[in-house]
Colleague: 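Submitted below is the structure of interest, expressed as C-alpha cells.
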Amino acid sequence: MTTTPLRSRVGEALIAATVLASMVGFLDANVVNVAVPAIGRDLGAGVAGLQWALTGYLLTVAALLLLSGALADHFGRRRILIIGLLAMLGSSVLCAVAPTIGVLVAARVLQGAGAAMVVPTSLALLNGTLRVEDRARGIGLWAGLATIGTTVGPYAGGWLVDHAGWRWIFLLNVPLILLALLALRWVPETSDEPRPLSLDAAGAILAILGIGGVIFALTRGAESGWADAAVVVTGIVGVAALVALTPVERRVKAPMVRLSLFKSRQFDAINVTTVLFYGALAAGGYLLVLQLQLVLGYSAAEAGAAAIPNSIVFLALSPISGALVPRIGPRWLMVAGIVAVAAGFAWISQANAGDTYASAILPGVLLQGLGLGLAVTPLTAAVLAAVDDADLGEASAVNDAASRVGAVLAVAAVPLLIGAGGGDLANALVDGFRPAMLVLAVVCVLSAVVTAVFVSDRRAAVAAPPIPAPAPHHGCALPATTSLGVRQ
C-alpha cells in the first residue's frame, strides 16, 4: 500500500476530510442536548420520547461500531466513510423535518448507523494513508481541529435553537458533510486487497438485544413503572443476552472481539474504569444542560457555552499529562483526574435557581477540565500498554465501545436518577438534580478506586496524541484511544 506525506495535496485533503467527518459525528452526538427542552415543547414529547431521541443515536453507534471496522477492512475505509457520510446527510435532513417524536427517533437511529461508520473509519483512513513518520503529527492536527468543533458546536446549536428553531441544529452538519465528500475526491483508498469479510452475526445480535433491552427497560421503567410487563420482559431479555454473550463468543470462529484480550487484568480494569467514568461524564453533561435551561433559566446558547472553559483547560493540560506518563506511569494521574471530575460534579450539584454562573457552575467546570486533562491521556497510554502491539487496533476499538456503552446506559438512566417518572423534566430537576449529580460523583470515585487497585503503575509511552474528550456538558464522551474501530 502506498502512503502519502502530510505536506502534499493528498495529505492536506486527508486532514480536511477526516477532521470534517469527525466533527459531524461529534456534533450529532453532542448538539442535541441543548435542544431537548425545545423539542419537547414543539413535538409534545414526554420524558421517554426525549430520552430515545438521545439514546437511539448512542445505542446504534455502540452496537455497530465493531461491525463498521470489519466492513471498512473488507470494502475499504474511504468507501465506508463515504457511505457513512451520505447516511448522515440523509438522516440529518429527516431529523430536521420530523413531524413527530417517533420519526425523529427513527432518524436519529439512522444517524447513529452513519456515525458508527464515520468517526472510527475517518481516523483509520488518516492513519492508514499517511506515511509512518507523519502519522503522529497528522493525528495531532486531527485531534486539535476536531476539538474546536466539539467545543463550539453546542454553542452554535444553542444559538440556532434560540434564534431559528431546534430543527436547524440538524442542518449544522450538512455543509461539513458536503465539504468532507469534496475533500475525499483527492484521497485514495487505503488498501487494494480487501480482507475476507467475517461477521459475527450471533455476537452482534446478542449485543444489540442486550444493550437495547436494558436501555428500553431503564427508559420506559422510569415513566411507566418498574412492574410494567414490557419493562420486565425487555429487562430480562437484555440481561440474558448480555450474560449469553461471553459463552457464545467463545464458540464463534471469528468473534467480534477476541476474548483473549480480557486475560489482561489491566485491560479489564481500564475498560471498567472507562464505562464508569465516561458514563458519568455523559449523564452529567446531559443533566447540566437541562438544569441550566429548565431551572436556572439559561438560553440554549448560554447552556451550550457554559462548559467551554472545560475544553480550554483540557487542551492546555493534555500535553503535560502526556509528557508525565512515561515518567511516573498512568495510574495516579488517572486517579487524580477522575477524582477532580467527581469534585466538579459535587460542586455543580449545588447549582439552583438564582445562582450565578461564576459561583455555581464555573468552578465545577474548571475542576472537570482539570480532571479530563489529567486523566484522558494516561487512560490512552494505559489501555495501549496493556496489550501487544499486534492488538492495538482491536484494543482501542474495545475501549471505544466501552465508553459508548457507558454513555448510552448512563443517559438512559437519567430519568431514574432524577425521579422524572411520568412527569416533566423541569419539575423532576428541582428536587432530583443534586442527588443525581452526587450519585455521578460517587460513580467517578468508584472508577478511581478501580484504577488505583487494578491498573499497573508501570510507565507507558504515549504513541500519539489522544482523541479529544468532549466537555462533560456535551453529553457523549468519546474514548481517548488512538486508533478507533479498525484493526491496523
Colleague: Report yes if some heavy atom in the side chain of Asn33 is under 4.5 Å from a heavy atom in the side chain of Pro154; otherwise report no.
Modeller: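 No; the side chains remain at least 4.5 Å from each other.
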Colleague: Using side-chain hydrogen bond (donor to acceptor under 3.5 Å, both in side chains) as the criterion, list what pairs up with Ser8, not counting sequence neighbours.
Modeller: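 So Ser8 forms a side-chain hydrogen bond (donor to acceptor under 3.5 Å, both in side chains) with Thr4.
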Colleague: For Leu85 and Leu184, run side chain to side chain contact (heavy atoms under 4.5 Å, CB included): C-alpha distance rounded to whole Å, both residues' side-chain angles, the deciding distance at 0.1 Å, then the answer.
Modeller: CA-CA 11 Å; Leu85 286 170; Leu184 283 169; 3.9 Å; yes
Colleague: Identify, with sequence neighbours excluded, every residue that meets side-chain hydrogen bond (donor to acceptor under 3.5 Å, both in side chains) alongside Gln51.
Modeller: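 So Gln51 forms a side-chain hydrogen bond (donor to acceptor under 3.5 Å, both in side chains) with Tyr286.
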Colleague: Sequence neighbours left out, what passes salt bridge (charged side-chain N to carboxylate O under 4.0 Å, His left out) with Arg167? Give chain and number order.
Modeller: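 Here the qualifying residues are Asp42.
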Colleague: Is there side-chain contact between Leu71 and Thr121, with at least one heavy-atom pair below 4.5 Å?
Modeller: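 Of all side-chain heavy-atom pairs linking Thr121 with Leu71, none is under 4.5 Å.
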Colleague: Could you pull out all residues at least two apart from Thr273 that satisfy side-chain hydrogen bond (donor to acceptor under 3.5 Å, both in side chains)?
Modeller: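 Counting only residues at least two positions away or on another chain, Thr273 forms a side-chain hydrogen bond (donor to acceptor under 3.5 Å, both in side chains) with Thr451.
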Colleague: Heavy-atom distance under 4.5 Å between the side chains of Val118 and Ser22, does that happen here?
Modeller: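 Contact flag for Val118/Ser22 side chains = no.
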Colleague: Heavy atoms, side chains only, cut-off 4.5 Å: are Val313 and Val365 in contact?
Modeller: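 No, their side chains stay 4.5 Å or more apart.
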Colleague: Return the CD1 to CG distance between Ile15 and Leu141, rounded to the nearest 0.5 Å.
Modeller: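 CG of Leu141 is found 5.0 Å from CD1 of Ile15.
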Colleague: With distance as the sole test, does Arg108 use its side chain to make a donor-acceptor pair with the main-chain N or O of Ala53 at under 3.5 Å?
Modeller: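 It does hold such a pair.
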Colleague: Measure the shortest side-chain to side-chain distance between Phe216 and Val237 over non-hydrogen atoms and say whether it is less than 4.5 angstrom.
Modeller: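 No; the side chains remain at least 4.5 Å from each other.
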Colleague: Sequence neighbours excluded, which residues qualify as side chain to side chain contact (heavy atoms under 4.5 Å, CB included) partners of Arg265?
Modeller: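 Scan of Arg265 (side chain to side chain contact (heavy atoms under 4.5 Å, CB included), adjacent residues dropped) gives Phe454.
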Colleague: Please examine the side chains of Val34 and Gln293, heavy atoms only from C-beta on, and report whether any two atoms are closer than 4.5 Å.
Modeller: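 Yes, close enough: below the 4.5 Å cut-off.
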Colleague: Taking side chain to side chain contact (heavy atoms under 4.5 Å, CB included) as the test, write out the residues that go with Ala45, two or more places apart.
Modeller: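 In terms of side chain to side chain contact (heavy atoms under 4.5 Å, CB included), with neighbours along the sequence ignored, Ala45 is linked to Leu50, Ile101.
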Colleague: Parallel, tilted or perpendicular, judged at 30° and 60°: which one describes the rings of Trp159 and His163?
Modeller: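 Parallel.
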Colleague: Is there a side chain to side chain contact (heavy atoms under 4.5 Å, CB included) between Leu89 and Val174? Walk through the geometry before answering.
Modeller: CA-CA 6 Å; Leu89 179 63; Val174 170; 3.9 Å; yes
